[in-house]
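In what follows, a structure is listed as structure tokens, so that the remarks can point back to it.
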Amino acid sequence: MSEDISLEERKVIYRARRGLKEIDVYFDPYVKNHYLNASAEEKQMFADLVAQEDPDLLDWFMEVAEPPRPELKDFIQKLKNYVHG
């Protein structure tokens with residue numbers, strides 16, 4: 001990783017490593033290919049997402065439950081589109 005990465009960005013990248021295949025399949029490609037070049041708003045959205053608990057994330061990604069904020073739902077769909085096209 002580059003020296004230009006802020007401490008906050010490093011924290012978010014670290015928190016994105018879940019060890020849960022169902023979540024990592026979405027988080028890993030985003031971190032590797034998009035996160036560092038994302039807008040400040042998008043970085044904050046990702047930070048908000050990785051701060052959530054794994055069971056909630058699983059429910060949201062599997063569309064079993066709705067995230068508490070509509071913009072999180074939109075961002076989850078964006079992450080799914082990165083992986084599934």
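Heads up: numbering here begins at 1 and tracks the sequence.
A distance of 4.5 Å separates CD1 in I13 from CG in L36, rounded to the nearest 0.5 Å. Separation of atoms OH (Y26) and NE2 (H84) is listed at 3.0 Å; rounding is to 0.5 Å. We find the CG-CE distance between D74 and M45 to be 8.0 Å, quoted to the nearest 0.5 Å. Within the model, atoms CG of L49 and CD1 of I23 stand 8.5 Å from one another, a figure rounded to the nearest 0.5 Å. One finds the CZ atom of F61 at 11.5 Å from the CG atom of L20 (value rounded to the nearest 0.5 Å). Distance CG/D56 to CG/L72: 11.0 Å, rounded to 0.5 Å.
By the 6.0 Å contact criterion, CZ on R17 is open, its count of non-hydrogen atoms from other residues, nucleotides or ligands being 12 or less.
Between V50 and the options V31, V12, L57, a side-chain contact (heavy atoms from CB on, under 4.5 Å) holds for only V12.
Taking the six-membered ring where the residue is Trp, the centroids of F75 and Y30 are separated by under 6.0 Å.
Checked by atom type and distance alone, the side chain of D24 pairs as donor or acceptor with a backbone atom of R18 at under 3.5 Å.
In terms of heavy-atom proximity, P68 sits nearest to W60 at CD-CZ2, 3.3 Å. Between A16 and F27 the shortest heavy-atom distance is O-CD2, 3.4 Å.
Residues Q77 and N81 form a side-chain contact, since some pair of their non-hydrogen atoms from C-beta on lies under 4.5 Å apart.
Salt bridge present: E63 and K80 bring a charged side-chain N and a carboxylate O closer than 4.0 Å.
A cation-pi contact links K43 to Y35, judged by a cut-off of 6.0 Å to the six-membered ring centre and 45° from its axis.
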Going through the checks in order, is the side-chain contact (heavy atoms from CB on, under 4.5 Å) test met by D54 and E22?
CA-CA 10 Å; D54 287 350; E22 295 86 350; over 6 Å; no
